[in-house]
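Structure, as structure tokens:
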Amino acid sequence: MSVKKLTQLYEGKAKKVYETDDPELLIVDYKDDATAFNGEKKGTITGKGVINNRMTNYFMRELEKIGVPTHLVEELSERETVVKRVKIVPLEVIVRNITAGSFAKRYGVEEGIPFDAPAHEFSYKDDALGDPMINDSYAVALKLATAEEIALIKKYAFAINAKLRELLLGFGVTLVDFKVEFGKLADGTIILADEISPDTCRFWDSKTGEKLDKDRFRRDLGNVEGAYEEMARRIFG
Ligand code: TMP
């Protein structure tokens with residue numbers, strides 16, 4: 001495939017997005033930049049972009065096999081991937097299996113308590129508002145998506161959770177929680193967009209409980225690069 005990288009469309013916290021000579025395709029370029037707490041904390045995680053690009057694409061290929069459509073078209077280079085152009089549904093879809101992070105804080109519980117069943121949460125994707133938590137009917141009221149689209153997004157999110165858990169178990173990693181985003185193609189099809197990586201998931205070593213994700217950066221736990229490298233080693237050898 002030969003798509004030409006044209007002008008930069010957008011620079012996000014962790015990725016740059018470029019237009020291509022095909023109006024339906026974009027190129028994402030994964031950076032080593034890391035932020036936390038809505039951009040308040042900034043840093044660099046050397047090598048992260050390369051790992052997140054490869055890992056995201058690996059997970060997306062596996063998800064396509066179980067019927068979850070994704071924006072993945074082709075990995076172009078270590079940091080660049082061709083993806084389908086979508087209109088992002090402004091919802092951050094979080095699925096949790098174990099108490100951690102903002103759930104533990106909000107509800108005053110310890111981290112590490114397994115749920116009886118996976119649970120989901122939506123945030124309204126709006127940095128200026130601080131990505132406030134939102135429910136299904138408010139998302140419909142704000143016309144962020146239709147009720148049918150939200151039902152499909154939830155179905156996909158739980159299917160993604162089940163598949164990722166199964167894959168990660170094989171690598172000795174427990175999937176605590178994760179965040180995904182979906183987009184809409186011009187014909188209205190909902191597909192998984194954005195990334196699936198240690199930036200957007202909580203990965204704990206199944207035996208030791210060691211954190212192998214961005215919480216090492218968020219919480220200044222040290223060995224941040226080592227955690228990303230360890231995840232890459234487990235998956236890709
Ligand atoms: P939380 O416990 O802080 O709400 O995070 C839940 C999951 O979502 C966790 O795996 C990290 C991921 N996440 C993002 O991908 N982006 C974000 O901006 C935040 C706050 C969390």
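In this chain, residues are counted from 1 in sequence order. Counting starts at 1 for both ligands and their atoms, in listed order.
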Heavy-atom proximity to atom 5 (O) of ligand 1, picking from Arg202, Lys179, Lys125, Arg218, points to Arg202
So if I count the atoms of ligand 1 from 1 in the order they appear, which ones are less than 4.0 Å from some heavy atom of Cys201?
10 (O)
I'd like to check which ligand 1 atoms, numbered from 1 as shown, lie under 4.0 Å from a non-hydrogen atom of Asp199.
15 (O)
Does at least one non-hydrogen atom of Val176 fall below 4.0 angstrom from an atom of ligand 1?
no
Using a 4.0 Å cutoff against the non-hydrogen atoms of Phe178, which atoms of ligand 1 qualify?
10 (O)
Determine whether the side chains of Asp213 and Tyr228 contain a donor N or O and an acceptor N or O closer than 3.5 Å.
no
Would one find an N or O of Asp131, backbone or side chain, under 3.5 Å from an N or O of ligand 1?
no
With nothing but distance in play, are any N or O atoms of Ser102 less than 3.5 Å from an N or O of ligand 1?
yes
Which of the numbered atoms in ligand 1 are below 4.0 angstrom from a heavy atom of Gly101?
2 (O)
Return the closest protein heavy atom for atom 18 (O) of ligand 1 as residue, atom name and distance.
Glu92 OE1, 4.3 Å
Side chains of residues 61-68: which donor-acceptor pairs under 3.5 Å do they make with residues two or more places apart or in other chains?
from, atom 1, to, atom 2, distance (Å)
Arg61, NH2, Glu75, OE1, 3.4
Glu62, OE2, Lys65, NZ, 3.0
Glu64, OE2, Thr70, N, 2.9
Glu64, OE2, Thr70, OG1, 2.6

Using distance alone, determine whether Asp177 and ligand 1 share an N or O pair under 3.5 Å.
yes
Side-chain touch Glu195/Glu181, heavy atoms, less than 4.5 angstrom
no
Run the side-chain hydrogen bond (donor to acceptor under 3.5 Å, both in side chains) test against Arg218 and tell me which residues pass, sequence neighbours left out.
Asp215
Contact region, Glu111 to ligand 1, non-hydrogen atoms below 4.0 Å, reads neither
Exactly one of Lys179, Lys13, Lys48, Lys214 should register a side chain to side chain donor-acceptor pair (under 3.5 Å) with Asp199. Which one does?
Lys48
Output yes when Lys15 and Asp29 qualify as a salt bridge under the 4.0 Å nitrogen-oxygen rule, no when they do not.
no
Side chains of Asp22 and Thr20: is there a donor and an acceptor less than 3.5 Å apart?
no
Does ligand 1 have an atom that lies less than 4.0 angstrom from a heavy atom of Arg96?
yes
Strictly below 4.0 Å, N to O, side chains only: are Arg54 and Glu78 in salt-bridge contact?
no
Got a protein heavy atom sitting under 4.0 Å from atom 20 (C) of ligand 1?
no
With heavy atoms under 4.0 Å as the rule, classify the contact between Glu121 and ligand 1 as side chain, backbone, both or neither.
neither
Indicate if Leu129 and Met133 have the same hydrophobic cluster label, given that clusters are the connected sets of ILVMFWY residues with side-chain heavy-atom separations under 4.5 angstrom.
no
